[in-house]
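A quick note: this is a predicted structure, and the numbers were derived from the prediction, not measured.
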Amino acid sequence: NIPEQVYIKDSRGKYLRVSKSYANAAGIPAQLFLDRTEVDIKGEDAAQIMQDEEELLLAHKSEIGRLIQVTQADGTEMWTLNSRIPLTDSEGEIYGLFGITQDVTELKMTEQLAQRRADQLKTAAAVARDTAGTLEMEELLRNSVNVIRDRYGFYHAGIFLLDPSGEYALLKE
């Protein structure tokens, strides 16, 4: 009953247990996972997952905190943080694999928004810095448009100023 998607597989890649959240994300009842592999459930598209897990088990390695971007069936993008850890017995022999997936889409979207805002602030600072040395309005506008266009990679940028009556916007640069 946790939001993280958790599964346990045996050394042959057959599911032993899955969390409700894992089953819900797949759209398959949890009991249908038991004693089946990724390929049994998802078809040949999942063969790469099984191969990756087999390589982890053979190398006796864990995979912790792998960030993966997934495009869902409806076209929306989702970000997950994945960890897969081999399960060993007291002699160090691997008998299975523990996996956990966390949906970090909201966190990733917030990070991208913060980065976009930081880029905008850098551009505003660059415009202020590059134009601070002039009092000539035409040069100030030209420099501002060039900096904005270059920083954002725009094909075209323009500055409109209101006319003295405040009724119309006039393209000035």
Applying a strict under-4.5 Å side-chain criterion to I, L, V, M, F, W and Y, I'd like to know whether [X] and [Y] cluster together.
{"X": "V145", "Y": "L140", "answer": "yes"}
{"X": "L34", "Y": "I8", "answer": "no"}
{"X": "I100", "Y": "Y95", "answer": "yes"}
{"X": "Y22", "Y": "I2", "answer": "no"}

Find the distance between [atom1] ([X]) and [atom2] ([Y]) and round it off to the nearest 0.5 Å.
{"X": "I94", "Y": "S11", "atom1": "CD1", "atom2": "OG", "result": "9.0 Å"}
{"X": "E63", "Y": "E55", "atom1": "CD", "atom2": "CD", "result": "10.5 Å"}
{"X": "D10", "Y": "T37", "atom1": "CG", "atom2": "OG1", "result": "10.0 Å"}
{"X": "R149", "Y": "N146", "atom1": "CZ", "atom2": "CG", "result": "4.5 Å"}
{"X": "T105", "Y": "Q69", "atom1": "OG1", "atom2": "CD", "result": "9.0 Å"}
{"X": "R12", "Y": "M50", "atom1": "CZ", "atom2": "CE", "result": "10.0 Å"}

Side chains of [X] and [Y]: closer than 4.5 Å at any heavy-atom pair?
{"X": "F160", "Y": "Y168", "answer": "no"}
{"X": "L67", "Y": "W79", "answer": "yes"}
{"X": "V70", "Y": "E77", "answer": "no"}
{"X": "I49", "Y": "V39", "answer": "no"}
{"X": "L97", "Y": "L57", "answer": "yes"}

Exceeds 12 heavy-atom contacts within 6.0 angstrom, atom [atom1] of [X]:
{"X": "M109", "atom1": "CE", "result": "no"}
{"X": "E54", "atom1": "CD", "result": "no"}
{"X": "R17", "atom1": "CZ", "result": "no"}
{"X": "Q31", "atom1": "CD", "result": "yes"}

Between E111 and Q115, is a side-chain hydrogen bond (donor to acceptor under 3.5 Å, both in side chains) present by the stated rule, with each step listed?
CA-CA 6 Å; E111 176 187 33; Q115 183 61 50; over 6 Å; no
Checking T80 against D103: is there a side-chain donor and acceptor pair closer than 3.5 Å?
no
Side chains of S21 and N24, donor plus acceptor under 3.5 Å
no
What heavy-atom pair brings [X] and [Y] nearest, and what distance separates the two atoms?
{"X": "L87", "Y": "F98", "answer": "CD2-CB, 3.8 Å"}
{"X": "V18", "Y": "A30", "answer": "CG2-CB, 3.8 Å"}
{"X": "F33", "Y": "A23", "answer": "CE1-CA, 3.9 Å"}
{"X": "S19", "Y": "E4", "answer": "OG-O, 3.6 Å"}

Under the side-chain contact (heavy atoms from CB on, under 4.5 Å) criterion, do I159 and S144 qualify, and how do the steps go?
CA-CA 9 Å; I159 294 179; S144 297; 3.9 Å; yes
Can a cation-pi geometry be assigned to K9 and Y7, taking NZ or CZ under 6.0 Å from the six-membered ring centre and within 45° of the ring axis?
yes
If we ignore hydrogens and angles and just use 3.5 Å, is the side chain of S83 paired with the main-chain N or O of I64 as donor and acceptor?
no
Could you walk me through whether D52 and R84 satisfy the side-chain contact (heavy atoms from CB on, under 4.5 Å) test, starting with their C-alpha distance in whole Å, then the side-chain angles of each, then the deciding distance to 0.1 Å, before giving a yes or no?
CA-CA 10 Å; D52 291 347; R84 299 185 289 189; 3.8 Å; yes
Test log, rule side-chain contact (heavy atoms from CB on, under 4.5 Å), inputs I41 and I28:
CA-CA 9 Å; I41 294 168; I28 301 170; 3.3 Å; yes
